[in-house]
Amino acid sequence: MMPAHLVRPHPRTRPGTTPTRTRPRTGTSTGSDTGTDKNTGTDPVAVLRRAALPLIDQIPALTDRLTAELHAEEPAYRAAIDADPGDVRREIQRSLRHSVASLLDPVRSRDAARACTARIGTERATRGFPLDPLVHAFRLGGALVWQALVDEVTRHHPRDAHLLVHLAADVRGFVDEHCACVSDAYRKAEHELTWRRENRRRLMAAALLDGATRIADLPEAAHALDLPEHGRYAVVLVAGGRGAAPHAHGIRTVWHPGPDAERGIVALGPYDVTELAACWRESTAPGDGVRIGISSAVDGLAGVGVARRLAETALRICPPGGGTVLLDDELPAALVAGAPALGALLVDRVLGPLRALPPADGALLLDTLTAWLDCDGSAQRAAARLYCHRNTVLNRLRRCEQLTGRSLTRPADQVELALALHAHRLRLAKAPAPSSR
């Protein structure tokens, strides 16, 4: 594949400027000023164009030779030629034809030649063909055509062969020029393809998280994201920090930015969500402000949209100061978090009398009730947590019963109080911080 033209047209000098390659003239000019042989008066450029004219009929033979060389030397071309020899041969022949045409008329053929080279680079990038063999093909093509020109001159005009030396630097320059041209076109196309591929991946990940992917499109999404279509999945939401997969072998995570948190689609593989949560807790420092919500496990990519909604609920439960919340561990809190209006109603109806007390008294009773429930109804353990006597805890609990009208010995009332406390904590977490003024 020859760089599309070998002969640099003589530069046109603009009025008021000085040509770049001039020699001082003393008396009569000689042929050495332009490379013209002073004995024969022959111009090297004319010699080259005269030799190029017969190459028009040799293009099929040159194409065959270059195709054979590429098949022998480049494995990538060997595979392409074996798969579709006609396609590769047409590409080579088109490039060689532009090359010979530009030898004959470089001014008119320059743009078309470069366009041909760029088109080859773009097409090869689109097909995933490697760049190095492509550049090598252009250098082989340049050497092949140059040798054909030299052979033509030495065979039919041997006295002019030495004049080709004057054009050797130009030939090398144009080979380099077209190698650079094909490389630039290749890299631009490759960049565009990469952007399109990544954008397609982003759109597919967003559709999965939104639950908008059609069942028929799941195999394509699985292939594009390098995820199994079937299997167990979870979704992780990370707020206040950049998403990064925890260091656990076999956990594959595809990240997608969300409006308030980074969203990760996690292929659990042999792990369960409890192990996933443990990995995240190990990878984050307590109190660093990073809040992580992890959904329950769902089956297949089709369930990722549901998992995303569950992870959002888990994130709402997460303390403002940071931490990791696995939804499966906080289902009662998730229940009230998923229905904010009902949670607010529950707080007002059940805990209203406690919240109507002076702030210090109300907070004391709410903390005692929370500690008692967290300690599985043990007044002794609650007292140890609150740094007070067991009887003090019992007295406070009796006061809670009197004010709320609920009995702590009735399971239904315990559930109602526990849910109301969860809703109360969520309300406090969302409340704005008090002003320091």
For residues 205-218, run the donor-acceptor check on the side chains, cut-off 3.5 Å, and write out each pair with its distance to 0.1 Å, sequence neighbours left out.
unit_1 : atom_1 : unit_2 : atom_2 : d
T213   : OG1    : L208   : N      : 3.3
R214   : NE     : D217   : OD2    : 2.9
R214   : NH2    : D217   : OD1    : 3.2
R214   : NH2    : D217   : OD2    : 3.2

Could you tabulate the donor-acceptor pairs under 3.5 Å formed by side-chain atoms of residues 356-370, not counting sequence neighbours?
unit_1 : atom_1 : unit_2 : atom_2 : d
T368   : OG1    : L364   : O      : 2.8
T368   : OG1    : R396   : NH1    : 3.2
T370   : OG1    : L366   : O      : 2.8

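- None of E416, Q414, E401 except one satisfies the side chain to side chain donor-acceptor pair (under 3.5 Å) rule with R406; the exception is E416.
- Using a cutoff of 4.0 Å between basic side-chain nitrogens and carboxylate oxygens, R309 and E312 are not scored as salt-bridged.
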Stepwise, does the salt bridge (Lys or Arg N to Asp or Glu O under 4.0 Å) test hold for D348 with R355?
CA-CA 8 Å; D348 293 339; R355 298 175 69 245; 3.7 Å; yes
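- Taking Q93 as the reference, I59, T63, R89, R97 meet the side-chain contact (heavy atoms from CB on, under 4.5 Å) condition, with sequence neighbours excluded.
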Passes side chain to side chain contact (heavy atoms under 4.5 Å, CB included), V107 versus R110? Steps please.
CA-CA 6 Å; V107 175; R110 179 183 179 88; over 6 Å; no
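- Residue R410 places its CZ atom among 12 or fewer non-hydrogen atoms of other residues, nucleotides or ligands, all under 6.0 Å distant.
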Verify salt bridge (Lys or Arg N to Asp or Glu O under 4.0 Å) between R78 and E74, making sure each step is shown before the conclusion.
CA-CA 6 Å; R78 186 181 307 124; E74 287 291 351; over 6 Å; no
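- More than 12 heavy-atom neighbours from other residues, nucleotides or ligands sit within 6.0 angstrom of CZ on R127.
- Salt-bridge check for K188 with E192: failed, with every basic side-chain N at 4.0 Å or more from each acidic carboxylate O.
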Going through the checks in order, is the side chain to side chain contact (heavy atoms under 4.5 Å, CB included) test met by L327 and V273?
CA-CA 9 Å; L327 186 72; V273 288; over 6 Å; no
